[in-house]
Engineer: 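Let me give you the structure first, and then I'll get to my questions.
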There are 2 protein chains.
Amino acid sequence: MKRTKRERQTALKKSIEENPFVTDEELSAEFDVSVQTIRLDRMELAIPELRERIKHVAVKTFEDEVKSLPIDEVIGEIIDIELDEKAISIFDVKAEHVFQRNQIARGHHLFAQANSLAVAVMDEELALTVKSELQFLRPVKAGQRIVAKATVIERLPEKNRASVKVVSTVDQVTVFIGTFEMYRMTEQSEGEVG
Amino acid sequence: MKRTKRERQTALKKSIEENPFVTDEELSAEFDVSVQTIRLDRMELAIPELRERIKHVAVKTFEDEVKSLPIDEVIGEIIDIELDEKAISIFDVKAEHVFQRNQIARGHHLFAQANSLAVAVMDEELALTVKSELQFLRPVKAGQRIVAKATVIERLPEKNRASVKVVSTVDQVTVFIGTFEMYRMTEQSEGEVG
DNA sequence: CTGATGTTAGTACCAAGTGCTAATAGCGGG
DNA sequence: CCCGCTATTAGCACTTGGTACTAACATCAG
């Protein structure tokens with residue numbers, strides 16, 4: 001038996017946050033109070049009804065769908081590409097890419113943009129990164145747009161290798177330089193790298 | 001005025017797929033038929049009612065939430081850490097981390113695990129990567145578990161710098177080696193790197 | 001003309017609520 | 001001991017977006 005109203009309400013809030021799909025009836029059983037009490041509690045806490053809660057979750061997904069997709073495909077948007085020569089992509093740094101602490105973009109996002117651009121310039125999904133050297137020259141903050149330019153600087157076709165240099169800038173200022181040694185996979189060689 | 005029933009039903013299906021939040025009434029207006037006809041159509045097409053549809057979308061998000069969250073916090077799960085000394089994390093490679101083409105894990109996921117571990121071993125959200133050298137020794141495939149071990153190998157406290165070496169293995173076989181030159185931010189120095 | 005197919009209308013019912021009124025329980029103070 | 005207050009509970013009418021079912025039409029083909 002929970003005692004104070006306040007205690008129940010904080011627990012209620014937490015419970016709904018953890019599982020938005022719970023009905024008032026289930027909650028009433030959980031807290032051993034009447035359904036009406038749960039309704040009053042929700043009202044005081046300004047927690048919407050089950051169906052509204054679910055809707056919000058669903059709408060959020062729907063919006064996120066576009067946002068989360070890029071993380072697995074090409075990171076950043078390729079705006080120009082010339083296979084085996086060069087490519088350019090842009091990437092807008094948003095709140096979800098930075099450390100909350102200081103709003104600075106996490107390194108792996110810069111790397112991801114550069115690396116996926118290096119893969120793309122080689123030839124779509126058939127290239128692997130073998131080695132890489134990176135320099136993070138300046139911190140990038142949320143709201144900034146990173147322009148990455150990839151150039152193939154060395155080709156060793158007989159070894160299925162090539163080097164790609166990627167320079168990323170924000171407002172014409174270089175923030176990141178990376179060189180990627182790429183391995184171009186052939187049908188036979190799949191899975192045998194290094 | 002749509003003619004055949006079949007035409008309407010294919011359009012209906014598409015319409016609901018595009019916007020699962022649409023009610024039968026809205027659909028009845030859209031296709032200029034009665035609400036009952038829409039219901040019959042849904043029945044024949046085995047399309048659930050609005051609330052069920054929304055629920056499915058919401059449940060999907062809920063499950064994805066855990067999956068998408070790590071991308072922004074620590075990549076991989078830290079299983080051991082000794083600040084300024086060493087740290088170990090594991091990362092399970094899933095379908096969403098690999099190239100569809102050949103099931104090989106994309107480089108930036110290996111980098112992300114290693115880099116975030118390097119950041120973590122330094123001291124929570126206060127470190128930035130300045131330089132890095134990577135070697136992708138062997139391809140990692142979906143279903144494999146990557147164990148990353150980070151060790152602080154060099155310290156230059158007066159310059160707020162340190163080097164971290166990360167070795168990632170799958171079944172005791174080294175798949176990735178990375179060295180990270182880290183910069184430890186102080187309150188005053190925020191935003192001025194390199 | 002009859003029958004199959006498609007469409008519409010209407011009714012009863014359900015879940016998970018809102019919004020409202022009213023009753024009751026428990027306790028604290030005077 | 002009663003008064004007043006808060007908290008809780010109960011009950012009813014109503015809402016949305018349906019299901020499940022029955023019945024009436026419409027239309028066209030054979």
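Below, chains carry the letters A, B, ... as their sequence lines are ordered, and counting in each starts from 1.
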Engineer: Looking at R8(A) and D32(A), is any side-chain nitrogen of the basic one under 4.0 Å from a carboxylate oxygen of the acidic one?
Structural biologist: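 No, D32(A) and R8(A) are not salt-bridged.
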Engineer: Would you kindly compare E44(B) and K55(B) by the position of their nearest DNA chain C nucleotide and give the one closer to the 5′ end?
Structural biologist: E44(B)
Engineer: Check the distance between dG18(D)'s C1' and D41(B)'s CG and give it to me in whole angstrom.
Structural biologist: 16 Å
Engineer: Write down the distance between CD (E52(A)) and P (dG17(C)), rounded to a whole number of angstrom.
Structural biologist: 11 Å
Engineer: Contact class for E49(A) (heavy atom, under 4.0 Å): base, sugar-phosphate, or nothing?
Structural biologist: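 Sugar-phosphate: the residue E49(A), judged by heavy atoms under 4.0 Å, touches backbone atoms but no base.
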Engineer: Tabulate atom names and distances for all N/O pairs under 3.5 angstrom spanning the protein and nucleotides 28-30 of chain D.
Structural biologist:
none

Engineer: Hey, does V35(B) reach any base, or is it just sugar-phosphate, or nothing, if we go heavy atoms under 4.0 Å?
Structural biologist: nothing
Engineer: Counting only side-chain heavy atoms from C-beta out, which of dT9(D), dT7(C), dG17(D) sits nearest to K5(B)?
Structural biologist: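 Comparing dT9(D), dT7(C), dG17(D) against the side chain of K5(B), the answer is dT7(C).
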Engineer: Whole Å only: how far is the CD atom of E25(B) from the P atom of dT8(C)?
Structural biologist: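 Interatomic distance, CD of E25(B) to P of dT8(C): 14 Å.
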Engineer: Is the phosphate of dG17(D) approached by T23(B) (side-chain N or O, under 4.0 Å from OP1 or OP2)?
Structural biologist: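 No.
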Engineer: Name the pairs: protein N/O against N/O of nucleotides 14-16 of chain D, kept only if under 3.5 Å.
Structural biologist:
from    : atom 1 : to     : atom 2 : distance (Å)
dT16(D) : O2     : R51(B) : NH1    : 3.4

Engineer: dG19(C), OP1 or OP2 - any side-chain N/O from R39(A) closer than 4.0 Å?
Structural biologist: no
Engineer: By nearest atom, which of the nucleotides dT8(D), dT18(C), dG18(D) is closest to the R42(B) side chain?
Structural biologist: dG18(D)
Engineer: Considering residues, nucleotides and ligands other than E52(A), do more than 12 of their heavy atoms fall under 6.0 Å from its CD?
Structural biologist: yes
Engineer: Under 3.5 Å, side chain of R184(B) to main-chain N/O of M122(B), donor-acceptor pair present?
Structural biologist: yes
Engineer: How many Å lie between CG on D24(B) and C1' on dT8(C), as a whole number?
Structural biologist: 15 Å
Engineer: Rounded off to whole Å, could you give me the CG-to-P distance for the L50(B) and dT19(D) pair?
Structural biologist: 10 Å
Engineer: Quick one: L40(B) CG to dT19(D) P, roughly how many Å, whole number?
Structural biologist: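 Value for this atom pair: 10 Å.
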Engineer: Are the charged groups of E181(B) and R161(B) less than 4.0 angstrom apart, N to O?
Structural biologist: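 Salt bridge: yes.
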Engineer: Examine I81(A) and I153(A) and state if one hydrophobic cluster contains both, with Ile, Leu, Val, Met, Phe, Trp and Tyr joined whenever side-chain heavy atoms are less than 4.5 Å apart.
Structural biologist: no
Engineer: OP1, OP2 of dT7(C) versus side-chain N and O of T37(B): anything below 4.0 Å?
Structural biologist: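 No, T37(B) has no side-chain N/O under 4.0 Å of OP1/OP2 on dT7(C).
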Engineer: Between the main-chain N or O of K94(B) and the side-chain N or O of H97(B), is there a donor-acceptor pair closer than 3.5 Å?
Structural biologist: yes
Engineer: Which nucleotide wins on minimum distance to the side chain of Q36(A), given the candidates dG10(C), dA10(D), dG18(D)?
Structural biologist: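 So the nucleotide nearest the side chain must be dA10(D).
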Engineer: Looking at every strand, decide which applies to R53(B) at a 4.0 Å heavy-atom threshold: base, sugar-phosphate, or nothing.
Structural biologist: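 R53(B): no heavy atom of the nucleic acid under 4.0 Å.
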Engineer: If only atom types and distance count, is the side chain of R155(A) paired as donor or acceptor with the main-chain N or O of D84(A) below 3.5 Å?
Structural biologist: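 Yes.
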Engineer: Starting at atom CE of M43(A), determine the distance to atom C1' of dT9(D), rounded to an integer number of angstrom.
Structural biologist: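 After rounding, the gap between these two atoms is 14 Å.
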Engineer: Mind checking whether V98(A) and R106(A) have side chains closer than 4.5 Å, heavy atoms only?
Structural biologist: no
Engineer: Measure up the F111(A) and F180(A) rings against each other and bin them: parallel (under 30°), tilted (30 to 60°), perpendicular (over 60°).
Structural biologist: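 F111(A) and F180(A): tilted rings.
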Engineer: Would you check, one step at a time, whether the test side-chain contact (heavy atoms from CB on, under 4.5 Å) holds for K141(A) with V170(A)?
Structural biologist: CA-CA 10 Å; K141(A) 302 231 170 180; V170(A) 169; over 6 Å; no
Engineer: Rounding to an integer number of Å, can you tell me how far Q9(A) CD sits from dT6(D) P?
Structural biologist: 15 Å
Engineer: Would you indicate, yes or no, if dG6(C) has its OP1 or OP2 atom less than 4.0 angstrom from a side-chain nitrogen or oxygen of R8(B)?
Structural biologist: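 Result: no.
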